[in-house]
Amino acid sequence: MKLYIKLVSASIRSRMQYKMNFVFSMVSYGIVMMIDFLMLAAILNRFNEVKGWNLYEVGILYGISSVSLSLYRTVAPEIHEFEKYMIEGEFDSLLIRPVSPLVLLLSKNLDLSRIGGALQGMIIIALSLYHVSHTHSITLLLIYLPVILVCGWVISFSLALVTATIAFWTQRIKDFQTFTLYAPFYAANYPMNIYPGWLKFIFFTVIPVAFINYVPMLFLLNKSGNIYYLLLPVLVALLFFYLALAFWNFGIRFYHSTGT
């Protein structure tokens with residue numbers, strides 16, 4: 001852990017050499033995501049509810065999804081861009097070092113500009129909670145919110161790690177990311193009960209984005225379920241992280257050096 005902290009600190013210091021570029025990137029990324037939500041709000045504003053969920057309740061789902069994905073993109077950009085290590089042979093340089101390749105990947109080139117997306121998500125959550133508080137008690141929701149965000153980050157990272165591992169066989173993963181990250185997290189912006197049964201099955205099992213926000217919000221917003229719904233995201237996050245890490249360690253065995 002001490003080594004990881006030192007590596008991360010060095011990465012942050014290198015990024016902060018260009019402070020204006022960091023600020024501009026962070027603000028611009030946050031603005032882009034805010035525009036995305038405003039477009040979503042414009043659509044939802046034409047309807048009073050979507051399957052029993054109003055605009056501000058959907059806003060909470062959207063905000064949690066945005067923060068979770070942005071935090072993952074902040075701390076693990078090299079996992080997201082892992083295919084370059086396969087194509088350009090850069091993974092060889094990680095294997096010859098006396099540190100876990102995964103630790104090295106997580107300590108390289110932190111994308112601090114993604115913090116703008118996390119801040120944007122938190123703003124949307126705060127505004128949505130303010131309006132929801134007029135009709136719901138949000139005390140428990142506020143207490144549980146950090147747990148939701150951590151679980152969302154863990155599930156996001158686990159999905160990305162599984163996708164990155166596929167590169168040991170396919171080399172390229174950009175197309176896979178569309179199906180394992182982009183599309184599922186876009187779908188997680190909405191309540192899961194709007195999707196057909198087969199798609200809900202995927203989002204509750206193979207790609208468990210439903211546990212990032214939808215499942216705990218069912219109980220916290222008095223939609224259905226019981227207090228055990230608050231335990232499910234934690235269990236799913238831990239299980240999925242364990243499986244993703246095991247899959248990663250399995251995939252490394254099939255890595256073939258480029259020889260360059």
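Within the model, atoms NZ of K84 and CD of E78 stand 4.0 Å from one another, a figure rounded to the nearest 0.5 Å. Summarising the geometry, atom CD1 belonging to I212 is positioned 5.0 Å from atom CD1 belonging to I155; distances are rounded to the nearest 0.5 Å. With values rounded to the nearest 0.5 angstrom, L218 atom CG is found 8.0 Å from N193 atom CG. Taken from CG in N222 to CE in M217, the straight-line distance is 11.0 Å, to the nearest 0.5 Å. A distance of 8.5 Å separates CG of L71 from CH2 of W153, quoted to the nearest 0.5 Å.
Contacts of F176 classified as ring pair (Phe, Tyr, Trp, His ring centres under 6.0 Å), with partners at least two apart in sequence or in another chain: none. A search for ring pair (Phe, Tyr, Trp, His ring centres under 6.0 Å) contacts involving H131 returns Y56, not counting sequence neighbours. By the ring pair (Phe, Tyr, Trp, His ring centres under 6.0 Å) test, F204 is found to be paired with F211, residues two or more places apart in sequence or in another chain being considered. Partners of F82 under the ring pair (Phe, Tyr, Trp, His ring centres under 6.0 Å) rule, at least two apart in sequence or in another chain, are Y85, F91, F168, W248. With sequence neighbours excluded, the residues that form a salt bridge (Lys or Arg N to Asp or Glu O under 4.0 Å) with K223 are E57.
In the hydrophobic clustering, where aliphatic and aromatic side chains (Ile, Leu, Val, Met, Phe, Trp, Tyr) are joined below 4.5 Å either directly or transitively, Y130 stands alone.
Using a 3.5 Å distance cut-off with no hydrogens or angles, the side chains of N213 and Y62 do not pair a donor with an acceptor.
With hydrogens and angles ignored, the 3.5 Å screen pairs a side-chain donor or acceptor of E83 with a backbone N or O of I173.
Other residues, nucleotides and ligands place more than 12 heavy atoms under 6.0 Å from the CZ atom of F254.
Ring planes of Y190 and Y186: perpendicular class, angle over 60° (limits at 30 and 60°).
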Go through it in stages, so that I can follow the logic: the residues are V58 and N189, the test is side chain to side chain contact (heavy atoms under 4.5 Å, CB included), and I'd like the CA-CA distance, side-chain angles, deciding distance and then a yes or no.
CA-CA 7 Å; V58 174; N189 294 337; 5.8 Å; no
Step by step, would you call L161 with L102 a side chain to side chain contact (heavy atoms under 4.5 Å, CB included)?
CA-CA 10 Å; L161 188 60; L102 185 57; 3.8 Å; yes
